[in-house]
Amino acid sequence: QVQLVESGGGLVQAGDSLRLSCAASGRTFSLYLMGWFRQAPGKEREFVAAIKGSQRSVETTYYADSVKGRFTVSRDNAKNTVYLQMNSLKPEDTAVYYCALDLPPVLAIPRLPSGYNYWGQGTQVTVSS
């Protein structure tokens, strides 16, 4: 029922910026916890960032230490879209980036892929040195 589609990936140079988008189909998108993960070849999928849904509360964001201060996750509930603004990109950021959705209620912020219910197909981000 819920579909996620990532876009915005590409090839950039170290230090450049890129904004990823994830469009969701859910009718109650504003309630969903949305997460971003990435997976490099031969490595496990790792947590990047997450943003809580809003239900009588302000949205809150969470980040992996490796991207804190460089990446920003945001959402536009009117467009059913979550964004990942990536600044000061490094070669080690190269990976396929996935958005993921966790249905409410959310008692804790999942930082493992198993904590999310739905996934997009991913978008490739390549950062050259």
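Computation of the quantities below employed the complete heavy-atom set of this structure, encompassing side-chain atoms and omitting hydrogens, waters and symmetry-equivalent molecules. It should be emphasised that the depicted structure is a prediction, and the values quoted were computed from it without experimental measurement.
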Nearest 0.5 Å, please: how far is OH in Tyr83 from SG in Cys99?
12.0 Å
Apply salt bridge (charged side-chain N to carboxylate O under 4.0 Å, His left out) to Asp93 and list each qualifying residue two or more places apart in sequence or on a separate chain.
Arg38, Arg70
Within 6.0 angstrom of Glu92 CD, more than 12 heavy atoms from elsewhere:
yes
Identify the heavy atoms of Ala24 and Phe29 that sit nearest to each other, and give their distance.
CB-CD1, 3.5 Å
Closest non-hydrogen atom pair, Lys68 against Tyr63:
CE-O, 3.8 Å
Minimum heavy-atom separation for Leu33 and Ile51, please, with both atom names.
CD1-O, 3.2 Å
Partners passing side chain to side chain contact (heavy atoms under 4.5 Å, CB included) against Leu103 (at least two apart in sequence or in another chain)
Tyr32, Leu101, Asn117, Tyr118
Can Met34 and Cys22 be said to form a side-chain contact (heavy atoms from CB on, under 4.5 Å), step by step?
CA-CA 9 Å; Met34 300 296 299; Cys22 175; 4.2 Å; yes
Please state whether the rings of Phe71 and Tyr97 are parallel, tilted or perpendicular, taking 30° and 60° as the class boundaries.
tilted
Would you confirm whether Tyr116, through its side chain, and Pro110, through its main-chain N or O, come within 3.5 Å as a donor-acceptor pair?
yes
Give the cluster check for Val96 versus Trp119: same hydrophobic cluster or not, with ILVMFWY residues linked at side-chain heavy-atom distances below 4.5 Å.
yes
Taking atom types as modelled and ignoring hydrogens, do the side chains of Asn87 and Ser17 form a donor-acceptor contact shorter than 3.5 angstrom?
yes
Taking all non-hydrogen atoms of both residues, which atom of Leu84 and which atom of Ala49 are closest, and how far apart?
CD1-CB, 4.2 Å
Shortest non-hydrogen pair, Lys52 vs Arg75, comes out as O-NH1, 3.1 Å
Take Leu20 and Met86, measure what side-chain contact (heavy atoms from CB on, under 4.5 Å) needs, and give me the verdict at the end.
CA-CA 8 Å; Leu20 306 182; Met86 304 183 294; 3.6 Å; yes
Atom pair CZ (Phe47) and OH (Tyr62), whose distance is rounded to the nearest 0.5 Å
9.5 Å
Quick one: which of Leu18, Leu89, Thr94 gives a side-chain contact (heavy atoms from CB on, under 4.5 Å) with Thr126?
Thr94
From the options Arg45, Glu44, Glu46, select the one residue that forms a side-chain hydrogen bond (donor to acceptor under 3.5 Å, both in side chains) with Gln39.
Arg45
Hey, what do you get for OG (Ser7) to CD (Gln121), rounding to the nearest 0.5 Å?
13.0 Å
Looking only at heavy atoms, what is the nearest atom pair of Ala50 and Ile109, with distance?
CB-CG2, 4.1 Å
Could you check whether any side-chain heavy atom of Tyr98 comes within less than 4.5 Å of a side-chain heavy atom of Pro113, counting everything from C-beta outward?
no
For Gln13, check side chain to side chain contact (heavy atoms under 4.5 Å, CB included) against everything at least two apart and list the hits.
Asp16, Ser128
Can you measure from OG1 (Thr81) to CG (Leu4) and round to the nearest 0.5 angstrom?
10.5 Å
